[in-house]
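This report refers to the structure that appears directly beneath it.
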There are 2 protein chains.
Amino acid sequence: MTTASSPLYVQLAATLRAKITSGEFPPGTKLPSERALCEEHSASRNTVRLGLQRLVAEGLIVASQGRGYTVRRQDVLVYNASRSEDHDRRVSAGVDAWVQDIEEQGRTPSQKISVSIERAQPDIAERLGLGPNSNVLVRRRLRFVDDQAWSTEDSYYPYDLVRGTPIAEPADIPQGVIAYLASMGHAQTRYLDDVTAVMPNPAQTSELNVEPGVPLLVRTRTGYADERPVRVTVTAMPTDRNVLRYDLGGPQHG
Amino acid sequence: MTTASSPLYVQLAATLRAKITSGEFPPGTKLPSERALCEEHSASRNTVRLGLQRLVAEGLIVASQGRGYTVRRQDVLVYNASRSEDHDRRVSAGVDAWVQDIEEQGRTPSQKISVSIERAQPDIAERLGLGPNSNVLVRRRLRFVDDQAWSTEDSYYPYDLVRGTPIAEPADIPQGVIAYLASMGHAQTRYLDDVTAVMPNPAQTSELNVEPGVPLLVRTRTGYADERPVRVTVTAMPTDRNVLRYDLGGPQHG
DNA sequence: GAGTGGTCTAGACCACGTC
DNA sequence: ACGTGGTCTAGACCACTCA
């Protein structure tokens with residue numbers, strides 16, 4: 001047996017994983033307590049915890065102090081990244097593209113917006129083509145779906161570009177920031193998306209209410225108006241509730 | 001102090017993290033041994049291990065039995081997803097797009113290809129618009145950069161489409177599979193990419209040589225020829241060495 | 001062989017949720 | 001009040017690496 005030679009905590013994780021993926025433990029099921037699993041598998045609590053930790057890291061179960069472990073409910077929404085900047089759609093709908101995306105999936109989106117002026121972080125400054133001590137206007141969004149925290153989206157604009165405009169106000173802009181910038185002569189004609197994933201740091205863990213161990217999908221979008229970068233947007237999405245979608249119409253790129 | 005109230009292992013992780021990110025411990029540095037950190041922080045070994053585990057999960061350090069913990073060397077390559085299917089580039093270069101992408105970054109790519117015929121998994125069958133018991137041709141690629149495992153790419157084709165063609169052979173196809181399919185009248189005109197991230201399972205951990213705790217970026221690309229899905233490709237990339245890039249020429253999508 | 005991380009035990013007390 | 005997970009201790013032996 002190959003399993004007989006693997007560590008106890010790995011076997012324990014495999015046993016529970018099988019019950020979850022087979023459907024014997026459907027989403028919402030409460031797992032036996034750590035101390036019960038100790039007896040059941042003749043293992044110490046530390047060993048049991050090591051095994052459970054594995055399943056938490058895989059996103060299969062969630063732990064809650066005082067309440068126990070439960071099998072996670074899967075509830076994934078699609079964020080359509082390639083069409084999210086479509087001018088026509090946005091202008092006709094009067095809302096931003098994310099809001100529309102979520103509503104089309106029958107859910108209720110909402111967001112909290114805060115605006116500040118900050119010294120640009122080095123990577124942001126580089127993407128915007130700014131000097132090391134430049135200021136940027138930052139619009140931070142915390143996005144909710146059905147009143148549950150869902151993702152964060154932080155946009156950075158060169159401060160010189162937006163000084164004194166409505167973009168610098170902490171309110172939603174009806175037609176969308178993109179369209180407003182376009183009306184000022186900064187129509188974005190090209191977007192560059194870099195996608196990666198990170199493990200959440202403590203701040204993100206609490207802000208987005210993710211279990212430690214669930215990766216965050218991070219998309220960094222740079223928007224260009226006539227080859228000049230005018231915006232960097234960093235979107236962080238817990239992967240247990242998001243899929244990022246790109247619809248590429250064909251081989252028109254080069 | 002807020003830090004004074006946080007758990008010991010969190011403080012320990014924060015201390016080491018600061019030394020790493022500040023540059024005091026540059027990449028390649030060997031960390032003090034677990035037992036040395038025990039003394040230094042007056043903590044038990046389990047507690048020290050909890051803290052170190054955190055940094056491993058964040059991808060900052062790697063552990064090696066018998067050798068100790070070392071600060072990870074960051075070495076991230078860009079995979080340009082939006083141009084990777086560009087017919088013109090591929091045909092002119094005579095190699096597949098990933099190979100070209102890596103070579104342009106001054107590295108040496110290589111890959112191992114294996115081909116098999118399998119019963120389609122449910123999610124693959126659904127994306128390909130096939131019935132539940134359909135067969136698919138599977139081309140599995142394990143990709144290397146400078147002889148280090150880098151990513152996996154598994155392509156699924158409806159078996160009826162490729163039976164008896166060179167695609168079903170376990171060799172590289174000089175002009176690329178896409179171009180070959182096009183010459184057979186199945187030119188792919190549209191691609192749909194779903195991007196998410198998962199924690200690696202044990203098989204992926206060993207195949208791609210990733211530390212447990214480093215997330216995998218997973219892109220599922222469905223290729224359409226005249227509205228008919230003809231290919232599904234699943235690419236798994238450890239995020240500690242990959243960034244996925246989309247260059248969107250503008251708001252031409254709808 | 002000496003030192004490293006990997007696994008494991010058998011306890012302890014604390015913080016949180018539920019009843 | 002009780003049971004849950006969260007943190008922590010002080011040991012033990014094994015597996016691996018390197019000199």
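In what follows, every chain begins at residue 1, and chains take the letters A, B, ... in the order their sequences are listed. Reckoned from all heavy atoms, side chains included, excluding hydrogens, waters and symmetry mates.
Here dG3(C) presents its C1' atom at 15 Å from CG of L37(B), a figure rounded to the nearest Å. For the pair E34(A) CD and dA10(C) C1', the computed distance is 15 Å after rounding to whole Å. As a whole-Å value, the separation of L52(A) CG from dT4(D) P is 13 Å. Q65(B) has its CD atom 12 Å from the P atom of dC8(C), to the nearest Å. Protein atom CG of L31(B) is 9 Å distant from nucleotide atom P of dG5(C), rounded to whole Å. A straight line from CZ of R35(A) to P of dA12(C) spans 12 Å, rounded to a whole angstrom. If you take CD of Q53(A) and C1' of dT7(D), they are 12 Å apart, rounded to a whole angstrom. One atom, CD of E39(A), and another, P of dG3(D), lie 13 Å apart when rounded to the nearest Å.
Comparing dG6(C), dG5(D), dC18(D) by their closest approach to the side chain of R67(B) singles out dC18(D). Closest to the side chain of R49(A), from the set dT7(D), dT4(D), dT4(C), is dT7(D). The nucleotide whose nearest atom lies closest to any side-chain atom of L8(A) is, among dC8(D), dC8(C), dC16(D), dC8(C). Listed candidates were dG5(C), dT7(D), dT9(D). Nearest to the side chain of S44(B) is dT9(D).
Scanning both residues, R67(B) and K30(B), for their nearest heavy atoms gives O-CE, 3.4 Å.
Comparing L50(A) and S64(A) by the nucleotide of DNA chain C whose heavy atom lies nearest to each, the residue mapping closer to the 5' end is L50(A).
Ion pairing of D194(B) with R221(B) is absent here, as no side-chain N (NZ or NE/NH1/NH2) approaches a carboxylate O to less than 4.0 Å.
Residue-to-nucleotide contacts include a donor-acceptor pair under 3.5 Å from the side chain of R45(A) to the base of dG6(D). No hydrogens or angles were tested; on distance alone, nothing pairs the side chain of N46(A) with the base of dT7(D) as donor and acceptor under 3.5 Å.
Annotation: side chain of Y79(A) is not in contact with side chain of V243(A) (no heavy-atom distance under 4.5 Å).
When heavy atoms are screened at a 4.0 angstrom cut-off, S42(A) is found touching the sugar-phosphate backbone but no base atom.
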